[in-house]
2 protein chains.
Amino acid sequence: MTRHVENDTTAAPPQPAPPAGRMCADDRRRQIAEVAMRLFSERGFRGTTTKEIAQAAGVSEAIIFRHFATKEELYTAIIDYKGCGGEAASPVAGRPEQPPFIDELRGLVADAMEAADDLAVFRTVAQHMLEHHEEDTEFLRLLMYIALEKHSLGQVFWDKNVRVLYEFLGGYVRRRQREGAFRDVDPYAAVRVFLGSVIHHSLVNLLWDRDPARRIFRVTNEEAARQFADVLLRGIAAKDAVGAGATKRPARNREGGADVKNNRDKNKKR
Amino acid sequence: MTRHVENDTTAAPPQPAPPAGRMCADDRRRQIAEVAMRLFSERGFRGTTTKEIAQAAGVSEAIIFRHFATKEELYTAIIDYKGCGGEAASPVAGRPEQPPFIDELRGLVADAMEAADDLAVFRTVAQHMLEHHEEDTEFLRLLMYIALEKHSLGQVFWDKNVRVLYEFLGGYVRRRQREGAFRDVDPYAAVRVFLGSVIHHSLVNLLWDRDPARRIFRVTNEEAARQFADVLLRGIAAKDAVGAGATKRPARNREGGADVKNNRDKNKKR
DNA sequence: AACATGTAAGTAAGTACTTACTTTTAGAGC
DNA sequence: GCTCTAAAAGTAAGTACTTACTTACATGTT
């Protein structure tokens with residue numbers, strides 16, 4: 001297997017074709033998928049031509065069709081790889097699919113949940129999501145195209161990721177209601193308010209209020225996460241539990257806080 | 001009129017062409033714009049062909065280009081007409097542009113704002129927005145395409161509609177903070193939580209959780225509006241003002257309530 | 001007759017995808 | 001080391017079809 005130094009292919013749309021040498025099939029397949037992902041996320045499925053993809057990848061059009069039978073298959077492989085995995089249709093060969101985002105989250109907030117540190121739970125989730133969106137803006141854009149174009153894997157993504165996140169957080173809210181910490185609101189209403197804030201925030205910053213200098217609500221991810229969690233928790237807190245923090249262990253919120261920190265560091269690495 | 005059997009190409013979506021007779025230019029222009037809007041919102045700018053538009057409008061392709069110089073001009077005219085108005089470029093001839101959504105809202109909540117009936121203010125805004133989104137799903141979809149495709153009028157829409165809505169609600173929050181009714185949070189954080197809930201709710205129902213039977217958070221617009229407003233208001237209420245309703249006039253919420261009612265009736269008509 | 005509304009049949013430049021062919025490279029046998 | 005070779009990686013130049021947009025001409029109403 002000839003492992004090849006990947007030439008830096010991240011620039012303006014049509015790109016002057018880098019001096020790509022020969023690659024082994026797996027590398028080339030992955031490179032095409034990455035380049036295509038960038039273009040698809042920028043201009044949508046229909047707006048991206050196979051010729052453009054070939055140019056951007058520095059190869060001829062024919063080799064795209066050597067690696068992917070159709071443009072649609074290339075598209076689907078990318079989506080599939082990025083967490084809509086339908087198990088079948090191995091995406092970027094060999095690669096065992098990304099670690100599911102939801103599992104990362106579960107791990108991050110497990111301690112805080114056990115400790116019933118509500119603020120840490122929601123802050124951590126919010127911040128982790130915001131950072132994930134910022135790290136992978138391409139995929140966020142792609143997701144919107146997928147939804148608009150009604151690609152069949154859109155439904156899979158929803159069910160495998162967002163729906164389970166709703167159930168995960170909704171379950172926590174329900175538990176805390178049983179424990180008397182939260183008042184009696186529809187748990188999914190609470191989750192919608194929370195995820196609505198977070199996702200809307202990312203989407204606005206990505207799609208509408210793009211210029212950071214002109215932004216109407218200009219905050220760091222950390223600050224935004226704190227505010228969203230704070231408003232939500234006060235909004236659903238039981239009357240007797242006034243503070244926004246945990247009712248049971250107001251001082252010991254180190255676990256949740258540490259998780260947020262870890263997450264921050266992890267952010268730097270990419 | 002020689003009706004011709006069009007060779008079967010595109011199949012289902014483009015519609016079997018209605019028996020449109022002769023029209024005066026203005027009517028035709030408007031009809032084309034409406035049909036095109038439907039198709040653009042469904043498949044995006046690049047995904048919609050002028051041939052499809054012509055078929056769906058029941059005319060030949062050439063007359064589209066008699067009324068609109070280019071496909072892009074047709075697209076822009078539609079967007080412009082739907083509230084991104086840049087004054088110039090008369091959209092659908094003669095027609096004086098839709099009444100700005102934000103002004104409708106201002107009128108609807110004016111009384112409730114004066115009465116400082118917070119719940120009525122936010123409930124009315126939420127419900128009116130949710131209903132507007134439901135009535136005009138085509139435009140919501142189109143907006144997402146506009147944002148993704150980075151159409152220049154997207155910025156105009158943001159500034160003329162969403163931005164002013166943020167400022168409008170943010171201003172109200174600030175005022176209520178001064179009055180001691182709301183605690184000291186960033187007003188735009190509060191608005192983001194609120195509009196995030198509302199817009200995310202519409203977007204989810206439109207794009208992701210489309211099947212009403214499977215929906216994860218299944219409520220009427222009225223109920224959703226109530227819940228979002230409720231969580232937000234408790235979330236930002238000052239400590240001493242415990243209840244979610246107005247601090248000053250807890251009983252007299254008739255004004256805001258009446259507005260919500262009127263709005264509801266309007267919903268039924270579609 | 002005049003003029004606006006309409007059309008059938010183009011055109012040139014794409015579009016996804018193929019074909020027929022050349023180059024590179026791993027690795028066996030010497 | 002060296003050649004030889006089979007398979008894989010690559011390409012140039014197509015194919016059949018679609019695209020936005022045009023042209024030359026027809027029809028209906030005043």
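We name chains A, B, ... by the order of the sequence lines, and we start the count at 1 in each one.
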Next on the checklist: Please enumerate all residues that pass ring-ring contact (aromatic ring centres under 6.0 Å, His included) together with A/Phe139, with sequence neighbours excluded.
Outcome noted: A/Phe157
Checklist entry - What is the distance, rounded to the nearest whole Å, between atom OH of B/Tyr75 and atom P of D/dT19? => result 17 Å
Checklist outcome for this item: By ring-ring contact (aromatic ring centres under 6.0 Å, His included), B/His201 pairs with (sequence neighbours left out) B/Phe217, B/Phe228
Checklist outcome for this item: Sequence neighbours excluded, the answer for side-chain hydrogen bond (donor to acceptor under 3.5 Å, both in side chains) partners of A/Gln155 is B/Arg214
Checklist entry - Do any pairs count as a salt bridge (Lys or Arg N to Asp or Glu O under 4.0 Å) and have a residue in residues 142-156 of chain B, sequence neighbours left out, and if so which ones? => result A/Glu42-B/Lys150
Checklist entry - Do the side chain of A/Arg66 and the base of D/dA9 come within less than 3.5 angstrom through a donor-acceptor pair of N or O atoms? => result yes
Checklist entry - Looking at B/Arg28, does any N or O in its side chain come under 4.0 Å of the phosphate oxygens OP1/OP2 on C/dG6? => result yes
Checklist entry - With a 6.0 Å cut-off on ring centres, are B/His128 and B/Phe101 close enough? => result yes
Sort me out a list of protein N/O and nucleotides 6-8 of chain D N/O pairs below 3.5 Å, or just none if empty.
from  : atom 1 : to      : atom 2 : distance (Å)
D/dA8 : N3     : A/Arg22 : NH2    : 3.0

Next on the checklist: Could you work out, with salt bridge (Lys or Arg N to Asp or Glu O under 4.0 Å) as the rule, every residue matching A/Arg141, not counting sequence neighbours?
Outcome noted: none
Checklist entry - Side chains of A/Ile79 and A/Leu143: does their closest heavy-atom pair fall under 4.5 Å? => result no
Checklist entry - Taking atom C1' of D/dG10 as reference, at what distance in whole Å does atom CD of A/Gln31 sit? => result 13 Å
Could you write out each protein N or O paired with an N or O of nucleotides 15-17 of chain D at a distance under 3.5 Å?
none

Item to check | Close side-chain approach of B/Phe65 and B/Thr50, heavy atoms under 4.5 Å | outcome: yes
Item to check | Partners passing salt bridge (Lys or Arg N to Asp or Glu O under 4.0 Å) against A/Asp211 (at least two apart in sequence or in another chain) | outcome: none
Next on the checklist: Applying ring-ring contact (aromatic ring centres under 6.0 Å, His included), can you list everything that pairs with B/Phe45, at least two apart in sequence or on another chain?
Outcome noted: B/Phe40, B/Tyr75
What nitrogen or oxygen pairs link the protein and nucleotides 20-23 of chain D at under 3.5 Å?
from   : atom 1 : to      : atom 2 : distance (Å)
D/dA20 : OP1    : B/Thr48 : O      : 3.3
D/dA20 : OP1    : B/Lys71 : NZ     : 2.7
D/dA20 : OP2    : B/Thr50 : N      : 2.8
D/dA20 : OP2    : B/Thr50 : OG1    : 2.9
D/dC21 : OP2    : B/Lys71 : N      : 2.7
D/dC21 : N4     : B/Glu61 : OE1    : 3.3
D/dC21 : N4     : B/Glu61 : OE2    : 3.3

Checklist entry - Do side-chain atoms of A/Lys160 reach the backbone of A/Pro100 as a donor and acceptor pair under 3.5 angstrom? => result no
Checklist entry - Which residues satisfy the side-chain hydrogen bond (donor to acceptor under 3.5 Å, both in side chains) test with B/Glu73, sequence neighbours excluded? => result none
Checklist outcome for this item: For DNA chain C, the expected dot-bracket line (Watson-Crick or G-U under 3.5 Å, [ ] crossing, | inter-strand) is ||||||||||||||||||||||||||||||
Item to check | Whole-Å gap separating P (C/dT5) and CD1 (B/Ile64) | outcome: 15 Å
Checklist entry - Quick one: does A/Leu140's side chain get under 4.5 Å of A/Asp136's, heavy atoms only? => result no
